[in-house]
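In what follows, every heavy atom counts, from backbone to side chain, and hydrogens, waters and symmetry copies are set aside. Each ligand, and each atom within it, is numbered from 1 in the order the structure gives.
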Amino acid sequence: MALTANKAVLNWIEEMRTLVKPESVMWIDGSEAQLEQLRQEGMKTGEMIKLNQEKLPGCYYHRSAVNDVARVEDRTFICCEKEEDAGPTNNWMAPDEMYAKLKKIFDGSMAGRTMYVIPYSMGVVGSPFAKYGIELTDSIYVVLSMAIMTRVGKNVMDALGDSPDFVKGLHSKAELDAEKRYIVHFPQDNTIMSVNSGYGGNVLLGKKCFALRIASNLGRQENWMAEHMLILGIENPAGEVRYLAAAFPSACGKTNLAMLIPPELYRKKGYKVWCVGDDIAWIRIGEDGRLWAVNPENGFFGVAPGTSAKSNPNALASTRKNSIFTNVVLTEDGGVWWEGLDKNPPKNALNWKGEPWDPADGSKGAHPNSRFTAPAKNCPCISPEFENPKGVPLSAIVFGGRRAKTAPLVYQSRDWQHGVFVGSIMASETTAAATGAVGVVRRDPMAMLPFCGYNMGDYWQHWLDMGELIQNKPKIFNVNWFRTDDDGNFIWPGFGENMRVLEWIMARCFDEVDADMSPIGYIPKVEDINLEESGVSRETLCELLTIDKELWKKEAEGIREFYSKFGDKLPHELMEELQKLEDNLDK
Ligand code: OXD
Ligand code: MN
């Protein structure tokens, strides 16, 4: 039975039903009884496997198709009227042409299947930050995962009322045909269409598709920001909590930083880190003129390999109940395993493809992009403010990347405009292991390259315009945990020790510490980063903070080349910042 009398909702669902022609339609009301019924159903079809309920209560296992294990950026489109509004970093097709193409692919794609109607909220239902969506899907895995990653159910429809203001999402696994796989956004219609995939990043439409690509467009229109950022709070011994949001490209330890455990020295003094979010921040200007951030999600969609009791005990603990594992190793006793979990790969297990797996043969058991979907409230360090409808006030915004030589451990921008420049030049170097070519710089401005739903030049302009509106601006920083010595070894220990850098960042935000000016921005005085019990010497810290002018001159050339792609859309302020950088380096 429909959970609403909202005409806009019902008309759209009817139109989609006529297109995809399912055998039946089922509204997801969010009740545990209905989700349990779907788990049972999923086990019958083989979509879901129940894990060992003593070890992993409420946990299930799912495999996606072997050719369908990651986001497909080359098949992801932004379909706005004008190509220049999608910009040089997005794939584009005219909306009419794309709708026509997709209609053919979706036609009858749910024949013989059930179409599930999932009403979901990004943000706490009823809060001023919340935005609502409906995802239509033929995948039980999607329903069960959306019920972890977002707030799902009838109360969402009640909160929407008669309003036509919801994001429309249509997903069908169809034939899982990689040649006809499309992840498409129509920003002018608040519509997302995803077909021929069953992999989370392509099909859990609340996440990248809505909360970043569509929401970045909404934010631009409504004067707020949708960002690919973690949010964390640092509690000091006085019990005061200071918040920051941070953007990093993938493989730079975002989830680890979001759930950081401070070194013992800090813990003894009473410092704590609270996780508000690990992937997405929706940021608005509060009545007090500060920026306030919420995490619109309700769970973590984390990469499993590398997650361990050592690297990230909080993430691991989050997955111990009511979670779904995808493409990891399935052990004989109904448990899960992945590379980097521990040093004991299981015997008689099945690999991510479902084949008998012998760890001794050198093959990987879990897919490198295998995932867990875990409820945020399972996280031992989830912030008490996680569900606060107002969000948390940001003192700092942090950008970061993986740079072997160029970027120092930390630096602070001179002001907001310079901070936007710092975010726009974000880049990460590929490692030998990943690509074969060491040190290839990939520009990923604000870590939004695959997620910005409009022209990146206009997006930078939006950041600059927001700067005009924010009375009490957060300070903007850049960090780099990945400096290496001449032998390629990391110099900074990273992980929990990053707390020492966060402490300096917060001290800067609250005017508690001085800094030195360098050609690229403020850098810490060597004595101002606490190295007690870190194993890092002052000399090493000096090295971590040096700025090699010759390398930065080359960097400036790379930035100029990257900027040239954006033509007139590049805000002149950023060109001025680049000029300033070049002048500073010549001094
Ligand atoms: C993610 C991503 O899954 O950034 O969070 O790809
Ligand atoms: Mn992400």
Side-chain angles (χ1 to χ4, degrees), residues 62 64 68-76 89-90 122 141-142 145-146 148-150 181 183 185 192 194 197-216 225-232 245-259 275-283 293-307 312 315 318-319 323-328 338 366-376 379 397-402 423 426-428 430 434 442-453:
H62 170 79
S64 63
D68 186 26
V69 290
R71 286 187 291 101
V72 280
E73 288 176 16
D74 57 328
R75 309 198 68 91
T76 299
T89 57
N90 283 313
M122 300 313 292
Y141 165 74
V142 168
S145 300
M146 286 293 283
I148 295 173
M149 294 304 298
T150 71
R181 186 168 295 154
I183 318 299
H185 309 74
I192 305 159
S194 163
S197 174
Y199 166 72
N202 297 327
V203 301
L204 305 180
L205 301 186
K207 196 176 180 62
K208 304 298 187 183
C209 300
F210 179 166
L212 289 175
R213 298 196 190 96
I214 294 288
S216 58
M225 305 160 91
E227 299 298 332
H228 190 203
M229 289 181 178
L230 64 89
I231 310 165
L232 65 79
F248 296 83
S250 57
C252 291
K254 197 141 128 255
T255 304
N256 290 346
L257 185 65
M259 300 178 189
C275 172
V276 181
D278 78 326
D279 197 40
I280 297 176
W282 282 3
I283 306 173
V294 299
N295 168 11
E297 301 191 276
N298 204 24
F300 307 119
F301 181 60
V303 176
T307 305
N312 194 339
S318 307
T319 67
S323 297
I324 299 175
F325 297 88
T326 312
N327 299 340
V328 300
W338 49 78
H367 188 275
N369 192 35
S370 54
R371 297 276 177 155
F372 54 78
T373 307
C379 182
I397 288 176
V398 179
F399 297 118
R402 178 185 287 269
M426 257 176 76
S428 239
T430 50
R442 194 165 33 219
R443 301 257 156 226
D444 187 354
M446 283 85 166
M448 283 289 275
L449 188 71
F451 307 121
C452 183

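Among the heteroatoms counted here (N, O or S) of H228, NE2 is the one nearest to the Mn ion (ligand 2). Among the heteroatoms counted here (N, O or S) of D279, OD1 is the one nearest to the Mn ion (ligand 2).
With a heavy-atom cut-off of 4.0 Å, F451 touches ligand 1 through its side chain alone.
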Inset, instruction - Could you walk me through whether N312 and T307 pass the side chain to side chain donor-acceptor pair (under 3.5 Å) test, one step at a time? - result: CA-CA 6 Å; N312 194 339; T307 305; over 6 Å; no
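Separation of atoms CG (N327) and CG (N369) is listed at 8.5 Å; rounding is to 0.5 Å.
No side-chain heavy atom of P249 sits less than 4.5 Å from a side-chain heavy atom of R402. When side chains are defined from C-beta on, M259 does not count as touching L230, because their heavy atoms never get closer than 4.5 Å. In this structure, R371 and V303 have side chains that are in contact, with non-hydrogen atoms separated by less than 4.5 Å.
At a cut-off of 2.8 Å, K208 coordinates the Mn ion (ligand 2) through an N, O or S atom.
Looking at K254, K207, R371, E73, it is R371 that brings a heavy atom closest to atom 3 (O) of ligand 1.
The nearest protein atom to atom 5 (O) of ligand 1, hydrogens excluded, is given as K208 NZ, 3.0 Å; this is a heavy-atom distance.
In terms of polar-atom proximity, defined here as any N/O pair under 3.5 Å, D279 does make such a contact with ligand 1.
Residue contact annotation: H228 has a non-hydrogen atom under 4.0 Å from ligand 1.
Classified by interplanar angle (parallel below 30°, tilted 30° to 60°, perpendicular above 60°), the ring pair H228/F451 is perpendicular.
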